[in-house]
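Below: the structure, in structure tokens.
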There are 2 protein chains.
Amino acid sequence: MSTSDPERPGFVLPLLLLAGFRSLIDDLHTELARQGHPDLRPAHGFVLQAVGVDGTTASELGHRLGVSKQAAGKTVDRLVALGYLERADDPADARRKLVRMTEKGVDGLRRSAVLFDALRERWVTRLGADRVAALEDDLRAVTPPDSFRLDVPGWFGT
Amino acid sequence: MSTSDPERPGFVLPLLLLAGFRSLIDDLHTELARQGHPDLRPAHGFVLQAVGVDGTTASELGHRLGVSKQAAGKTVDRLVALGYLERADDPADARRKLVRMTEKGVDGLRRSAVLFDALRERWVTRLGADRVAALEDDLRAVTPPDSFRLDVPGWFGT
DNA sequence: CTGTTTGGACAACCACGTTGACTATCGTAC
DNA sequence: GTACGATAGTCAACGTGGTTGTCCAAACAG
């Protein structure tokens, strides 16, 4: 395995970063399922986040998430079917359909925010506040600002 | 935005981890495309890694990647079509079809390994070897061992 | 009033996963 | 030596999350 040794230092780093991300997301959704949101999937949280409490439109949502308006529209369809979003006509512009969070959507987003904070706290307990902060500082220093975005859904797939 | 403030500390941590992972993967594939592998996608590297220089079978590959044998088979189909893998009969067992890397596959995997190392070097240059090592140690300490895996393809999607 | 943007929807397609069903082969136990 | 259970692979149908292209209706700017 000389050419593709998984112990190569460069190979381990991305795996560790992914493992950190995944462990947080997995724990979040395990707990979210327990709290009445079994259908909420990793990408959905980012979508709800992008919709925001003020609502938006499918086109604008696609823009925020970095995907096409059609993709955003289909995602909204699914979240509507799951009861997290709802559509409404825009009285000021008959072309636009406002996308808003339902009560359930707000509840899911609020719970995920609380849980994310709790999960970070768990890291603080295990590593210490200074080391977690240093880790965040280092990542901030080394990643380009444009990679710190919400457009999670599409980047991995196609 | 009180309930879903993106500046909430717990929300920032996973985003930073993802940004770190993504920046490495993005840079890797930008350079990989430049070096003659424009079709190699993030998931493919993990698949090639899982196939290994000794080759394997679709079922075993599915097992390693944590997906069904059918999903692994379809992924192999695509990599075969792209010229990175090839199938061969197992002379010792007529049921098994060996999956091996082609020359192109070995080349892609070798280049990605070299590039991963170079990208980690870039982090070392920017942060210092001690901080990168500390970052890795911290992540290792805080992530469960079962989240440090190769089964990237499926976890995010379905 | 007319021509151009814009928002949304529809269709076809692709990548990547799932289950279920089916066939062929292998290994074992009788 | 044969019957049977486990294993490898494939096919089909489907779900999700993307893409591009097309089209229409509403809005806007000249």
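Quick note on labels: first sequence line is chain A, next is B, and so on, each numbered from 1.
- Of the possible donor and acceptor atoms, one in the side chain of B:D93 sits under 3.5 Å from a partner among the backbone N and O of B:R95.
- You'll find a donor-acceptor pair under 3.5 Å spanning the side chain of A:Q70 and the base of D:dG21, going by distance alone.
- Atom pair A:D77:CG and C:dA11:C1' shows a separation of 14 Å (rounding to whole Å applied).
- Of the residues in residues 89-99 of chain A, those lying under 4.0 Å from DNA chain D by heavy-atom distance are A:D93, A:A94, A:R95.
- The pair B:D27-B:R122 meets the salt-bridge criterion, with a side-chain N (NZ, NE, NH1 or NH2) lying under 4.0 Å from an Asp/Glu carboxylate O.
- Within the 4.0 angstrom heavy-atom criterion, no nucleotide atom of any strand lies near A:H63.
- The shortest side-chain heavy-atom distance between A:S23 and A:W123 falls under the 4.5 Å cut-off.
- Taking 4.0 Å as the cut-off between side-chain N and carboxylate O, B:E86 and B:K97 do not count as a salt-bridged pair.
- Contact check, B:T57 against D:dG9: a side-chain N or O comes under 4.0 Å of OP1 or OP2.
- Residues B:E103 and B:D107 are not in side-chain contact: their nearest non-hydrogen atoms beyond the backbone lie 4.5 Å or more apart.
- Using modelled atom types, one finds no donor on one side chain facing an acceptor on the other under 3.5 Å when comparing B:D39 with B:H44.
- Between A:R87 and the phosphate of C:dA9, there is a side-chain N or O to OP1/OP2 separation shorter than 4.0 Å.
- Within 4.0 Å of B:S68, counting heavy atoms only, lies at least one base atom of the nucleic acid.
- When the P atom of C:dA15 is taken as reference, atom OH of B:Y84 falls 14 Å away, rounded to whole Å.
- A:A58 comes within 4.0 angstrom of sugar-phosphate atoms only, judged by non-hydrogen atoms across all strands, and of no base.
- Between A:H44 and D:dT16, a side-chain N or O to OP1/OP2 separation shorter than 4.0 Å is absent.
- Between the side chain of B:T56 and the backbone N or O of B:V51, no donor-acceptor pair lies under 3.5 Å.
- Across the protein-nucleic acid pair, A:L65 atom CG and D:dT19 atom C1' stand 15 Å apart, rounded to whole Å.
- Listed pair B:T75 / C:dG17 meets the phosphate criterion, a side-chain N or O lying under 4.0 Å from OP1 or OP2.
- Between the side chain of A:K69 and the base of C:dG8, a donor-acceptor pair under 3.5 Å is found.
- We find that NZ of A:K74 is positioned 12 Å from P of D:dT20, with the value rounded to whole Å.
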